[in-house]
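Report on the structure given below.
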Amino acid sequence: MPLMGKKNFRYLNKRITRLDAVDKVTGRAVYAADVEFPGMIYGGCLRSPYAHANIVRMDTSKAKAIPGVRAVLTADDVAKPTSWADYPYLCSGTVRYVGETVAIVAADTLDLVQDALRAIEVDYEELEGVYTIEEAIKDDAIQIRAHGVGLKDGVPNKDVKGNIFYDSYFPIRKGDVGKGFAEADIIVEREYKTNFVEHSYIETESCVVMQDPVDGVVTAHASAQNPFFTRRYLADASGAPFNKCRVVQRMLGGSFGGKEELVGMIVGRSAMLCLATGKPVKMVMTREESFMESPKRHPFHFHYKAGLKKDGTIVAWEGSQIDNSGAYNNQTQFMNCRAAIHSAGAYDIPHVKTDTYGVYTNNIHGGAFRGYSSPQIIFAQEQFMNEIAKELGMDDVELRRKNILVQGDLTATGQELVEETITLEMIDHMVEATDYYKKKEAYAKTKNNKEKRKGIALVSCYRGCGYGAETPDAGAAMCTANEDGSILINSGLAENGQGLKTAYAQIAAEGIGCTPDRINFVGVDTHSIPDSGMTVASRGTVMGAQSMRKASLELGAMLKDTAGKMLGVDPEYVDIKDNEYFISCKEVNQERIVRGAASLEIIPVDENGHFLNEQGKQCSIHDTVSMADVCNTRLWTGKSLAAFNWSEPRDLGLDHHTGQGDAFPTYSYGVVVAEVEVDMETGFVDVLKVTSGHDVGTCVNPDTVEGQIYGGIAMGQGLGVTEEVPVHKGQLGSKNFDSYIFPTAMDVPEMEAIIFECEDKEGTYGAKSLGEPATEAVGAAIAAAIADAKGEPVREIPCNLERALLGRTLK
Amino acid sequence: MTLNMVVNRKPVSVEIEPYARLLDVLRTQLKLTGAKEGCGIGECGACTVILDGETVDSCITLAASCEGKSIETIEGISDGDQLHPVQQAFVEHNAMQCGFCIPGLVLSGKNILDKYPEADRERIVEAISGNLCRCTGYKQVVDAIEDAKDKIDE
Amino acid sequence: MIRFDYRRPTSIEACLELLDLYQDKAKLIAGGTDLMVELRADDEKLEHVNMVIDTTHMAALKFIEVEEDVLHLGPGITHEEIWENPFLQEYAPFLCEACHSVGSPQIRHAGTIGGSIGTASPASDPLPPLVALGATVVLASVNGTREVLLEELLLKPYITDIKANEMILSIDFPLLNPEAGFGFVKLGRRKALAISRMNVATYVELDETGKAVDVRIVPGSCMPTAVRISEAEAMLLGQVPSYELHQAIGEKVAEEMIKVTGRRWSTPYKEPVIASLVKRALNQATGVKDDD
Ligand code: FES
Ligand code: FES
């Protein structure tokens with residue numbers, strides 16, 4: 001079985017302590033809200049209580065008159081009230097969701113900020129709104145964004161007006177579904193739904209923006225997931241050129257895709273207030289504000305139809321995947337590309353036709369959230385697979401085994417899977433490791449219980465690694481050695497809590513040969529490294545670290561070169577251990593030393609290991625030289641101590657009109673088994689155990705990989721069972737953690753992580769994505785296990801108390 | 001008004017607003033920023049401190065109420081560079097990701113072991129049930145605290 | 001956040017005088033776990049409040065004493081202290097369970113039983129067992145003291161009959177038979193940090209023939225306030241407990257709930273669920289086995 005541990009690495013595959021561990025356990029780690037500067041003042045936002053309304057009057061005079069209030073700004077006061085990314089810094093006329101910011105203030109204290117916000121008078125004229133996907137696609141729906149389009153022949157069409165976000169439309173056309181359905185023995189058709197989900201990182205969005213009075217550089221210290229992305233907002237809002245806009249990423253208190261838009265917004269707003277007042281401005285969102293303005297996991301409506309042979313072979317797959325994008329959006333057009341590519345599951349299907357698009361509504365926007373559509377999609381597809389199995393009277397694991405993608409198959413986009421694909425082995429291993437069939441039988445005996453019933457389910461999934469066809473997956477890294485032999489590494493990708501710094505240190509250590517504790521990682525500072533795109537799409541290790549690998553190999557070679565010179569041998573006979581370079585001559589006769597691969601020159605060595613090098617200097621095979629000496633020598637001989645690498649991905653070539661072509665460099669695979677107990681009288685779902693198996697290609701650090709998997713299980717449990725921001729006519733029913741429910745330590749199930757490795761030449765040292773795979777199939781597995789326990793399908797998540805008991809949403 | 005309390009074994013005296021929250025006094029006035037604000041309503045435990053030997057959420061603790069009381073924060077439990085065994089165990093288990101919840105979790109872990117040096121896994125789990133963590137799924141955290149239990153014994 | 005001034009009286013008398021002076025402008029704070037949240041949210045019922053009177057440090061409000069078969073519980077006792085008290089574990093285990101199910105360790109370390117009464121949340125966990133115990137609340141003001149049955153003190157969700165110038169001095173209840181059965185069942189959306197979706201406290205005392213002679217059923221988050229459902233209790237009195245009977249009693253409680261609250265959007269859920277929670281709480285009190 002391709003389980004972890006068969007590969008041969010120096011520093012990969014090892015449980016290395018996180019670089020930031022001590023800072024984090026001592027409270028020393030500095031997060032954006034901990035940053036303070038002399039003279040710093042505070043900023044705040046006034047938000048619309050209405051989902052759709054015109055502002056008819058706004059009076060800020062009373063707020064401005066309060067002593068200690070230094071600035072009150074509305075759209076009229078700023079050069080650019082709307083950001084480059086569609087979201088408004090300040091509303092200019094019509095508010096389109098509850099929480100949209102209509103005014104911002106800066107004052108000496110937080111109390112004064114509150115006073116000023118209360119003193120602003122705003123009169124609104126409420127408008128009719130559009131809230132749900134059903135409402136948004138109605139022919140006669142009011143149009144809430146000028147560029148929205150409508151449907152024609154069932155697909156988005158630019159000639160019709162409506163609420164569809166056209167840029168987010170991605171069709172997949174593979175084979176001929178008409179033909180496929182004609183060949184089918186049986187056709188199954190179902191619909192599924194998901195709801196708004198909140199990231200719930202424990203740190204709310206925070207920043208301090210200041211301007212250097214001397215050089216004019218505007219700096220934002222921010223809880224930014226993607227510092228370069230944030231810089232765009234900073235430049236946009238401040239009007240300063242990029243080379244005078246600097247974003248420093250502070251220790252990030254969780255992000256999961258969420259700290260992009262709202263962080264950009266508060267950085268932009270704080271920059272406006274900073275420029276208006278000449279003072280450093282701190283803005284920290286309350287949890288309620290974070291709920292109101294941070295993006296959510298897009299709610300989806302799925303409609304799937306599959307044609308099958310009696311033996312379970314899927315021959316045709318048709319579907320629509322519509323997501324709720326909210327009122328403003330700059331994400332759905334990227335995310336839906338991924339959603340479309342994965343719209344036919346991890347299965348080998350000859351004929352596929354799907355349409356994926358987003359709609360505008362008067363809600364908070366959908367955004368990037370760990371999985372970037374996959375948790376919703378896998379939920380729907382995997383419930384669908386189980387419903388198909390039921391129709392066929394077939395075991396659902398067998399149905400999966402029959403159709404799962406294996407090496408050489410074509411995905412829904414027609415991409416041939418050329419890399420090793422261990423899906424079948426994974427399914428078989430997971431079935432065995434979880435005692436799946438035995439448990440299934442035992443749990444079936446609880447099906448007549450009045451109160452508590454148990455269920456088990458296995459789901460499978462796959463995921464394109466990195467950005468793929470969404471956008472080019474390039475990035476920069478830099479490795480610098482210092483005269484004391486310590487190493488500084490830097491990357492355009494950012495630590496988001498996932499352990500990226502540690503993984504990069506391990507990758508750099510592997511390349512350089514030094515121990516990882518010699519390495520320090522600079523946090524991202526946009527003034528120190530080129531824009532490397534975003535730390536998203538679980539691309540940090542698989543693709544983003546390629547440049548780190550290459551830079552570190554280059555630096556390693558440079559150091560070795562000098563070490564060879566100092567030791568008197570060719571660099572290829574130099575090795576390093578514990579940061580000491582030594583002459584590697586183990587494989588050859590102890591009496592001799594080999595130098596120069598081509599010439600295989602043999603140098604005589606006396607019984608004490610001494611030999612003469614070319615310069616006639618007496619050397620010994622027992623000589624060693626420390627990294628510090630090597631670095632010091634390079635420094636004083638004028639040799640470079642730094643390596644920079646820009647890594648470009650290979651061309652993929654997906655045709656966006658047909659959705660055909662290579663979509664990702666490679667794919668990672670997951671199999672998750674969930675076991676639950678459902679209280680049939682209250683609807684309480686107790687998740688008993690989740691076994692989560694992932695093909696990570698190469699496991700960089702088992703501790704952080706397991707950590708991702710465990711955290712992913714908890715997040716998937718929330719998605720499957722409790723997490724929903726209920727929205728009624730644009731008003732959020734949950735704005736804090738008292739009513740937005742995600743698991744505590746007492747709720748999480750018994751967890752088991754199973755790590756698979758395989759040979760894959762695409763990713764860094766063979767690594768593949770994990771951050772998102774770790775959570776994407778868990779909600780689906782839990783929902784399927786609930787369905788197994790209840791004997792009824794689950795068609796909407798979260799399967800909370802009410803849905804689990806009644807089988808429907810309580811309204 | 002003046003507030004007198006003992007913070008990390010040192011007496012402190014600070015001028016506060018009568019309505020100030022303990023969390024703000026610690027973070028803003030005493031510059032002890034290890035306690036974090038995650039929710040402001042006593043749900044997440046990121047602001048956990050130990051007040052007279054018991055964990056509380058400092059975001060819903062009125063600072064004025066702490067007159068004469070003793071407070072322990074994350075900054076106070078290590079001895080210089082010598083980490084507290086619970087901290088050390090978190091490090092060894094890599095029991096953290098973003099780290100925002102970690103000061104609170106460490107304090108809850110320390111507190112339960114102070115009170116019940118023999119605490120079993122179930123009690124440890126319950127002791128940290130008021131500390132929401134969105135990253136780790138808690139498993140490595142509980143493993144670490146269990147491990148620290150043995151280390152404290154030694 | 002509502003801003004306010006602060007007083008820390010050193011005696012009950014001084015506290016009562018302050019209350020009398022500030023009346024509805026003042027709020028008492030004990031643990032603060034509810035009040036601080038309401039103040040932060042600019043809760044409208046605190047609109048007039050500009051003074052907070054602190055009782056946190058008052059030793060005179062922290063006691064657990066027994067006097068002639070009556071237990072006196074100080075309002076300053078925390079949920080954690082109730083849970084950990086061996087005497088209460090024996091004589092009112094359902095109250096201990098309820099207090100143990102409140103919020104989180106941090107909340108239980110700070111939140112007080114007096115505070116729970118003052119807040120009068122319909123979803124409160126300690127209130128149903130206290131009502132089942134027949135607790136009386138001793139209230140004091142500058143004009144003297146009075147005693148009110150807790151069940152009568154709770155008027156509406158979040159509204160009590162505690163006057164603006166009054167404070168709780170003690171919560172008293174006659175000791176029940178520790179040999180009898182106590183039940184507390186809570187349903188939340190998660191296992192910790194959970195507000196009760198619904199809960200039930202039960203007490204059942206059987207005679208030597210196994211028939212119920214004292215039955216108390218108090219559901220929470222069901223009626224506007226925690227009250228005993230006498231129509232349901234009557235069904236068990238004089239009977240031998242059984243699964244079927246408990247189910248029927250549960251259904252009776254659901255019926256009574258609907259009589260009071262009417263059918264609402266949440267009724268399709270609450271109706272069957274409260275019935276089953278009552279059944280389970282009665283099973284727990286009488287040792288009847290749940291189906292499993
Ligand atoms: S910030 Fe205090 S509990 Fe969340
Ligand atoms: S480590 Fe991120 S919230 Fe716990």
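Reminder, nothing fancy here: chain letters follow the sequence lines and each chain counts from 1.
- In terms of heavy-atom proximity, V25(A) sits nearest to Q87(B) at O-NE2, 2.8 Å.
- Panel note: side chain K139(B), backbone M751(A); no donor-acceptor pair is recorded below 3.5 Å.
- Ion pairing of E36(A) with K31(B) is present here, as a side-chain N (NZ or NE/NH1/NH2) and a carboxylate O approach within less than 4.0 Å.
- The shortest heavy-atom contact between V125(B) and A745(A) is CG1-O, 3.4 Å.
- With chain A as partner, the option from L105(B), I102(B), I41(B) having the largest number of non-hydrogen pairs under 4.5 angstrom is I41(B).
- Ranked by non-hydrogen atom pairs under 4.5 Å with chain B, the options M746(A), E203(A), E750(A) are led by E203(A).
- Rounded to the nearest 0.5 Å, atoms OG1 (T17(A)) and NE2 (H93(B)) are 10.5 Å apart.
- With respect to the salt-bridge test (charged N to carboxylate O, under 4.0 angstrom), the residues R134(B) and E723(A) qualify.
- C135(B) approaches F256(A) most closely through the heavy-atom pair SG-CZ, 3.6 Å.
- D747(A) and Y138(B) share no donor-acceptor pair across their side chains, judged by distance under 3.5 Å alone.
- In this structure, the side chains of D34(A) and K36(B) come closer than 4.5 Å at one or more pairs of heavy atoms.
- In this structure, chain A has heavy atoms under 4.5 Å from both the backbone and the side chain of Q97(B).
- Contacts of Q717(A) with chain B are absent, with no heavy-atom separation under 4.5 Å from either backbone or side chain.
- Taking the six-membered ring for Trp and the full ring otherwise, the centers of Y201(A) and F100(B) sit at least 6.0 Å from each other.
- Ranked by heavy-atom pairs under 4.5 Å with chain A, the first of G34(B), C98(B), A46(B) is C98(B).
- Options E75(B), E126(B), E122(B), R27(B) differ in how many heavy-atom pairs under 4.5 Å they form with chain A, and the most are formed by R27(B).
- Proximity to chain A (any heavy atom under 4.5 Å) is shown, for H84(B), by neither the backbone nor the side chain.
- Proximity to chain A (any heavy atom under 4.5 Å) is restricted, for T136(B), to the backbone atoms N, CA, C and O.
- The distance from the CD atom of E706(A) to the CG atom of D143(B) is 9.5 Å, given to the nearest 0.5 Å.
- The neighbour count for E15(B) CD, taken as heavy atoms of other residues, nucleotides or ligands under 6.0 Å away, is above 12.
- Among the candidates T26(A), T204(A), T775(A), the residue making the largest number of heavy-atom pairs closer than 4.5 Å to chain B is T26(A).
- Here I202(A) contributes atom CD1 and E43(B) contributes atom CD; the two are 11.0 Å apart, rounded to the nearest 0.5 Å.
- Counting heavy-atom pairs closer than 4.5 Å to chain A, the top residue among S129(B), P103(B), C39(B), G76(B) is C39(B).
- Heavy-atom pairs under 4.5 Å with chain A peak, among L132(B), I124(B), N131(B), V86(B), at L132(B).
- For chain A, no part of Q88(B) is nearby; none of its heavy atoms comes within less than 4.5 Å.
- Atoms SG and CG, from C44(B) and D738(A) in turn, are 11.5 Å apart once rounded to the nearest 0.5 Å.
- Chosen from G254(A), G712(A), G707(A), P743(A), the residue pairing most often with chain B at heavy-atom distances under 4.5 Å is G707(A).
- Heavy atoms of L83(B) lying under 4.5 Å from chain A belong exclusively to its side chain.
- Interface remark: E37(B) contributes backbone atoms only to the contact with chain A (heavy atom separation under 4.5 Å).
- In this structure, CG in N701(A) is found 6.0 Å from CG in N94(B), a value given to the nearest 0.5 Å.
- Heavy atoms from other residues, nucleotides or ligands lying under 6.0 Å from CG of D81(B) number 12 at most.
- Proximity of a side-chain donor or acceptor of R287(A) to a complementary backbone N or O of G40(B) within less than 3.5 Å is not detected.
- Using a 4.5 Å cut-off between heavy atoms, D111(A) touches chain B through its side chain atoms alone.
- Using a 4.5 Å cut-off between heavy atoms, L110(A) makes no contact with chain B at all.
- The SG atom of C101(B) sits 9.5 Å away from the NZ atom of K24(A) when rounded to the nearest 0.5 Å.
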